[in-house]
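The structure displayed is predicted, hence computed values, not measured ones.
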Amino acid sequence: MKHRSESSHVSADSLRTLVSRLAAIRGSLVQSHSDFRERILGLHPAYRQSAANLIHYLSLRQHDIRSLQDELAALGLSSLGRAEAHVMWTVDAVLDALQHLAGLDKEALDSCEYPGFREGRSLLERHTAALLGAAPAHRGVRIMVTMPSEAADDYLLVRDLVSHGMNCMRINCAHDTAEDWRRIVEHLKRARRELSLPCRILMDLGGPKLRTGSLQPGPCVVVWHPRRDSYGRVTHPARIFLVPIGPKQTTHAGADAVLPVPGEWLAQIKAGERIHFKDARGKRRALEMMGSSGQGRWARSDQTAYVVPGTTLLRVDVAGEAKRETLVGALPPRDGEILLRKGDFLLITRKPPVGNVSPADSFELEPSPATISCSLPEIFACVRTGERIWFDDGKIGGMVKDLEGDTLRVEITQVRPQGDRLQADKGINLPDTRITLPALTARDVEDLKFIVRNADLVGMSFVRHERDIHQLQSCLRDLDAEQMGIVLKIETRQAFERLPNLIFAAMRQHPVGVMIARGDLAVECGYERLAEVQEEILWICEAAHIPVIWATQVLESMAKRGQPSRAEITDAAMGERAECVMLNKGAHIVAAVSTLDDILRRMENHQSKKSARLRQLHLRAMLEGSEP
């Protein structure tokens, strides 16, 4: 029995209706292109076709075509769901097929410049190569890695990252110094020469980052805790490093605590001795001395202890003239913090006094609200009552209740049941506030002088408006660096909402890219909207043939602790839809690069942007028959 196609059941009237609907949509695309023709001509010649395609895509998405998509799919035609890179070409191809099915003569279409199917893909590939360099031979998606501070003094780390698949190095100018950056860049240049592998350099401008101000330092106390199992039994004793008091006290990265003591007393300590003391709570505690490392001595403890300066340490079972007692030397204060619980009020001040303690830390019956300053007092002119505010990557949420002169009164609305602690230098997000601060600071303008001499790309942080991009482009012209690649970091709600406008402004120079800074975006737009937001950014950038960098928390557990979660693997695989995936620093970053390299290489066989690629599967059991 022959199968009859579903299209044979569609009436001629229905087909003509589909032709009319799609022709009307095409007409709106042509009109939008005409409206923006002059603006498109003012862009860099390399982007004029791409800009036209972006206009077509934005015009197409002004229509709700979901029912039309279902009807087209039922006819075996393209449903326009993967038309981003070649919008008008796809519409024309479907319209031509519909006219043929309806028995209509092919109508002459209004002329309009647009990229074809292959040309749309080719434009994206060319723009990506211009920004990020040629793709490695075994995968099309590049890997970017944020450099830790220690890379300035660790050439082998940089070399290992390049050899394991890093294609672009990112240096965040919000951290470290120009001398640190210079050493990192020199390490990369050396690695490129030795390995004969390309690797570009992106340097991010710090931008006007809104952060919490300073706080009163905490007490001078050192705390350690042994690790225990579910029954309270010690599985890993705490490791304590005793060092001689002096201007250059030794530290050790593997220590749970460091105690400075007089060097003469410390030099007499032998492995196996037990040192007794009473901690800050009056608890009797002991240290078991282990071995030495340079002038320092290692000890272990099976008990939690709180040690303050002046604590008496007592050697037992020693004879002769050996000195038995000594005192712990000066200890650094702990970082100040404010404990906030739901319903508490927090005062944010324009002027930068040192913040005070949280009401939860006070013994007053009606404690005063805690106070903290912020790094950008200019935002006081932008904030309005009723707007949301988030601290520390969204861990603490609040609502602006009052704005009185130099003080914002914030009610804490979202924290964990036990409360959360707010520290100095933590990020502040104001997703509802229309911030009008320029994206370039005076320091950014100064840092640009270093960047244009040493990097291939400059990342623009906290971009919100076209004028921010125009200012950066003007600075680059003044530095004779108009050809430098620009990466727009989309990390605020304002930037997301104005993304097409930002792309048009950036297209005045070539090349350009977009980074999806998903951490800040999740806070600004809401975690529940992040999946939708990052999809829309991918669509818009593909329509503009602009490469995308998929950033923030990719394989974060792998990079920091050496073991990824299942969710992180899936997230990394989703990054294949971008042109570049960025990893952040961590102790296991080299292993994370290798893992990401493998994931991206495998996913390339299954997915290209939104399109599934149907390579041969090896699951043939049903076709070959079941096992006996």
Chemist: Run the side chain to side chain contact (heavy atoms under 4.5 Å, CB included) test on L205 and I451 for me, step by step, so that the C-alpha distance in whole Å, both residues' side-chain angles and the decisive distance to 0.1 Å come before the verdict.
Modeler: CA-CA 9 Å; L205 296 168; I451 292 172; 3.5 Å; yes
Chemist: Do D92 and R26 come within less than 4.5 Å of each other through their side chains, counting heavy atoms only?
Modeler: yes
Chemist: Should R21 and E71 count as an ion pair when the cut-off is N to O under 4.0 Å?
Modeler: yes
Chemist: Check the pair T595 / D598 against side chain to side chain donor-acceptor pair (under 3.5 Å), numbers first and verdict last.
Modeler: CA-CA 5 Å; T595 299; D598 185 61; over 6 Å; no
Chemist: Is there a donor-acceptor pair closer than 3.5 Å between any side-chain N or O of R48 and the backbone N or O of L43?
Modeler: yes
Chemist: Going by distance alone, is a donor N or O of one side chain under 3.5 Å from an acceptor N or O of the other, for H138 and D597?
Modeler: yes
Chemist: Show your working on side chain to side chain contact (heavy atoms under 4.5 Å, CB included) between L600 and I143 and close with a plain yes or no.
Modeler: CA-CA 9 Å; L600 294 175; I143 295 176; 3.9 Å; yes
Chemist: Please check if the side chain of R561 supplies one atom and the backbone of Q563 the other of a donor-acceptor pair under 3.5 Å.
Modeler: no
Chemist: In terms of side-chain geometry, is the basic nitrogen of R498 or E466 positioned less than 4.0 Å from the acidic oxygen of its partner?
Modeler: yes
Chemist: What's the shortest heavy-atom distance between A544 and I503, and which atoms?
Modeler: CB-CG2, 4.0 Å
Chemist: Quick one: do R493 and D432 make a salt bridge, cutoff under 4.0 Å?
Modeler: yes
Chemist: Can I469 and M460 be said to form a side chain to side chain contact (heavy atoms under 4.5 Å, CB included), step by step?
Modeler: CA-CA 8 Å; I469 300 169; M460 190 171 202; 4.3 Å; yes
Chemist: For the residue pair M169 and M147, establish whether any side-chain heavy-atom pair is separated by less than 4.5 Å.
Modeler: yes
Chemist: Give me the atom names and distance for the closest heavy-atom approach of L448 to C475.
Modeler: CD1-CB, 3.7 Å
Chemist: Using side-chain heavy atoms (C-beta onward) and a distance below 4.5 Å, is L521 in contact with I537?
Modeler: yes
Chemist: Out of the candidates Q31, R37, R39, H33, only one should pair with D35 under the side-chain hydrogen bond (donor to acceptor under 3.5 Å, both in side chains) rule; please name it.
Modeler: Q31
Chemist: If I take atom CZ from residue R434 and atom CD from residue E387, how far apart are they, to the nearest 0.5 angstrom?
Modeler: 9.5 Å
Chemist: Keeping the roles fixed (side chain from H44, backbone from A46), state whether a donor-acceptor pair exists under 3.5 Å.
Modeler: yes
Chemist: The test is side chain to side chain contact (heavy atoms under 4.5 Å, CB included); show your working for I171 and L202 and say whether it passes.
Modeler: CA-CA 6 Å; I171 297 174; L202 165 68; over 6 Å; no
Chemist: Can you tell me if N172 uses its side chain to pair, donor with acceptor, with the backbone of A174 under 3.5 Å?
Modeler: yes
Chemist: Are more than 12 heavy atoms from other residues, nucleotides or ligands located less than 6.0 Å from atom NZ of K209?
Modeler: yes
Chemist: Between atom CG of L583 and atom CZ of R170, what is the distance when rounded to the nearest 0.5 Å?
Modeler: 11.5 Å
Chemist: Just by distance, no angles: are the side chains of R518 and Q553 close enough, under 3.5 Å, to form a donor-acceptor pair?
Modeler: no
Chemist: Is R66 salt-bridged to D64, going by a charged N under 4.0 Å from an acidic O?
Modeler: yes
Chemist: Looking only at the side chains, is there a donor atom on one of T17 and S14 sitting less than 3.5 Å from an acceptor on the other?
Modeler: no
Chemist: To the nearest 0.5 Å, what is the distance between CG (L499) and CD1 (I540)?
Modeler: 5.0 Å
Chemist: Once rounded to the nearest 0.5 Å, what's the spacing between atom CZ of R61 and atom CG of L80?
Modeler: 11.0 Å
Chemist: Using a 6.0 Å cut-off, check whether atom CG of D480 has over 12 heavy atoms from anything other than its own residue.
Modeler: no
Chemist: Decide yes or no for R16 and L104: does some side-chain heavy atom of the first lie under 4.5 Å from some side-chain heavy atom of the second?
Modeler: yes
Chemist: Does a donor on one side chain sit under 3.5 Å from an acceptor on the other, for R126 and S122?
Modeler: yes
Chemist: Can you classify the ring geometry of H127 versus H510 as parallel (below 30°), tilted (30 to 60°) or perpendicular (above 60°)?
Modeler: perpendicular
Chemist: Is it true that a side-chain atom of D468 and a backbone atom of A439 form a donor plus acceptor pair closer than 3.5 Å?
Modeler: yes
Chemist: For the pair R602 and E576, find out whether any cationic side-chain nitrogen is under 4.0 Å from an anionic carboxylate oxygen.
Modeler: no
Chemist: Considering non-hydrogen atoms only, spot the tightest contact between G116 and W89 and give its length.
Modeler: CA-CD1, 3.7 Å
Chemist: If you measure only the distance, is there a donor-acceptor pair under 3.5 Å linking the side chains of S557 and E568?
Modeler: yes
Chemist: Identify the two heavy atoms, one from G519 and one from T552, that lie closest to each other, and give their separation to 0.1 Å.
Modeler: N-CG2, 3.2 Å
Chemist: How close do Y114 and H56 get, heavy atom to heavy atom, and via which atoms?
Modeler: CB-CE1, 3.9 Å
Chemist: Does some side-chain heavy atom of D444 sit less than 4.5 Å from a side-chain heavy atom of L472?
Modeler: no
Chemist: Measure the shortest side-chain to side-chain distance between M558 and H588 over non-hydrogen atoms and say whether it is less than 4.5 angstrom.
Modeler: no
Chemist: Any donor and acceptor pair, going by atom type alone, linking the side chain of H465 with main-chain N or O of T436 inside 3.5 Å?
Modeler: no
Chemist: E84 side chain to W539 main-chain N or O, any donor-acceptor pair under 3.5 Å?
Modeler: no
Chemist: State whether the number of non-hydrogen atoms from other residues, nucleotides or ligands found under 6.0 Å of Q483 atom CD is greater than 12.
Modeler: no
Chemist: Between A481 and V452, what is the shortest heavy-atom contact and its length?
Modeler: CB-CG1, 3.7 Å
Chemist: Within the 4.5 Å heavy-atom criterion, are C541 and L124 side-chain neighbours or not?
Modeler: no
Chemist: Can you tell me which residue among V593, L188, V145 is in a side chain to side chain contact (heavy atoms under 4.5 Å, CB included) with V162?
Modeler: L188
Chemist: Check whether more than 12 heavy atoms from other residues, nucleotides or ligands sit under 6.0 Å from atom CZ of R192, and answer yes or no.
Modeler: yes
Chemist: With a 4.0 Å cut-off, would you call E497 and R464 a salt bridge?
Modeler: no
Chemist: Is there a donor-acceptor contact under 3.5 Å from the side chain of E579 to the main chain of V141?
Modeler: no
Chemist: Any non-hydrogen side-chain atom of M144 less than 4.5 Å from a side-chain atom of I549?
Modeler: yes
Chemist: Looking only at atom types and distance, does a side-chain atom of R142 sit under 3.5 Å from a main-chain N or O of G140, one as donor and one as acceptor?
Modeler: yes
Chemist: Strictly distance-based, threshold 3.5 Å: is any side-chain N or O of D160 a donor or acceptor partner for the main-chain N or O of V590?
Modeler: no
Chemist: Does either side chain, that of S461 or that of K489, offer a donor lying less than 3.5 Å from an acceptor on the other one?
Modeler: yes
Chemist: Hey, could you give me the OG/CG distance between S565 and L555, rounded to the nearest 0.5 Å?
Modeler: 8.5 Å
Chemist: Going by atom types alone, do N53 and S50 pair a side-chain donor with an acceptor below 3.5 Å?
Modeler: no
Chemist: Below 4.0 angstrom, N of the basic side chain to O of the carboxylate: do R529 and E532 qualify?
Modeler: yes
Chemist: If you measure from the Lys or Arg side-chain nitrogens to the Asp or Glu carboxylate oxygens, is any gap between E125 and R121 under 4.0 Å?
Modeler: no
Chemist: Could you tell me whether H470 atom NE2 has more than 12 heavy atoms of other residues or ligands within 6.0 Å of it?
Modeler: yes
Chemist: Just verifying a value: how many Å separate L18 CG and L77 CG, rounded to the nearest 0.5 Å?
Modeler: 9.0 Å
Chemist: Does atom CZ (R477) have a neighbourhood of more than 12 heavy atoms from anything else shown, all under 6.0 Å?
Modeler: yes
